[in-house]
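Following: one structure in structure tokens, then a few remarks.
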Amino acid sequence: MADSIMSKAATMEIPINSNGDTGTLPEDDSLEQDLQQVMVSGPNLNETSIVSGGYGGPAGGIIPTSTIKDIRMKSRGVNLPHSHSSASRLAHHSDQHPGSSNHNTSPTEEVSRGVAVEKLDSVKKWGINTYKETWMCTKQMFSEKFGRGSRTVDMELEAQIELLKDTKSKYENILRLATALISHFQSMVQTQQALGDTFTDLSQKSPELQDEFGYNAETQKLLCKNGESLLGAINFFVSSVNTLVNKTMEDTLMTIKHYENARLEFDAYRSDLEELSMGPRDAASMVRIEMAQHDYQIHRDKYERLRSDVTIKLKFLEENKVKVMHKQLLLFHNATSAYFAGNQQQLEQTLIQFNVKLKPPGSDKPSWLEEQ
């Protein structure tokens, strides 16, 4: 009976609230010491948060310390009178910040990212192909130079190209000589003009030699006039030959340069295909051979196309060269012969026949505005 009374008394000492929770927390020395230590040495738990090193946690990895407090108390068997658990608060906190861990990407950003990736892949592919082609062409060039590699040769076309290069070199020499002739002959004409002016002045100041100085003055003036006509014809000759050499021939030589580069590339891919064909025939090798065959066909078509262009241009260049030089050489001959024969009328007719227009005296001199 005494035991029942003691049990009843102990039960009456613990009041129960309406929720079934204890009105006061049971005494726990270790928990009280921990709380006192935190209250004395640490900051306020309600205002402090700890940054977690994990990714994807609430609020970018920030865990409220109140949650840690709840977890510690539950580990000691204490039920807290809260309507929401720590997990619920974390979920509620995460719902308040929906953009903290998942970022929605707009369609425009997706398209921009796709375009950037596509451009990057294109540049990367271009760089790899360019590096490969440069290496192959360099290898082929050294192989040909040291006699270890074979090259494609069109004997007839190569002979025409060499003839064009030799012709261009000789025509450039004609241009240098004709330009030097213009310079020297122009100096002579200027000297004749100055000499004629001096004879004219002396004929007026020397009555006893007036006729003699007068004859020589008229002769020098006539030679000066005819010399200007010859200079006009030679200048026209030089201008036409310069156009033929430095424009028409140069354009054909530029096409020839592209053709020679295409020939080197074609031989490089041909040699690469031959090396792969002599190797093993496994699955990976067959893929490389197929790709090499594709590249070989592309460069073969390019080589054939440029070879056809060179052949056509060489044909038209030869026709144009004959036509231009026939006219210019005839002009040069007739004008020179008429001048040194003293046939002024024939010289003037030659200029009219070839539509050579003389510049008026002093037209080469800059105006006073240009001199300022």
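Keep in mind that the numbers below use all heavy atoms, side chains included, and drop hydrogens, waters and symmetry copies.
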*With sequence neighbours excluded, tell me which residues meet ring pair (Phe, Tyr, Trp, His ring centres under 6.0 Å) with Phe266.*
Tyr296, Tyr303
_Tyr215: which residues meet the ring pair (Phe, Tyr, Trp, His ring centres under 6.0 Å) condition with it, sequence neighbours left out?_
none
_Pairs touching residues 172-181 that satisfy salt bridge (Lys or Arg N to Asp or Glu O under 4.0 Å), sequence neighbours left out_ = Lys168-Glu172
*Restricting to pairs with a member in residues 332-352, which pass salt bridge (Lys or Arg N to Asp or Glu O under 4.0 Å), not counting sequence neighbours?*
none
*About how many Å separate CD of Gln193 and OG1 of Thr198, when rounded to the nearest 0.5 Å?*
10.5 Å
*Can you tell me how far the NE2 atom of His258 sits from the CG atom of Leu253, to the nearest 0.5 Å?*
11.5 Å
_With a 3.5 Å distance limit and no angle check, can you tell me whether Ser169 reaches the backbone of Lys165 through a side-chain donor-acceptor pair?_
no
_I'd like to check the salt bridge (charged side-chain N to carboxylate O under 4.0 Å, His left out) partners of Lys221; sequence neighbours left out, ordered by chain and number._
none
*Compute whether any side-chain donor of one residue and acceptor of the other, for Asp267 and Thr152, lie under 3.5 angstrom apart.*
yes
*Taking the six-membered ring for Trp, are Phe185 and Tyr339 ring centroids under 6.0 Å apart?*
yes
*Please identify each residue that fulfils side chain to side chain donor-acceptor pair (under 3.5 Å) with Thr179, with sequence neighbours left out.*
none
*asked:* Hydrophobic cluster membership, with links at side-chain heavy-atom distances under 4.5 Å among I/L/V/M/F/W/Y: are Val238 and Leu177 in one?
replied: no
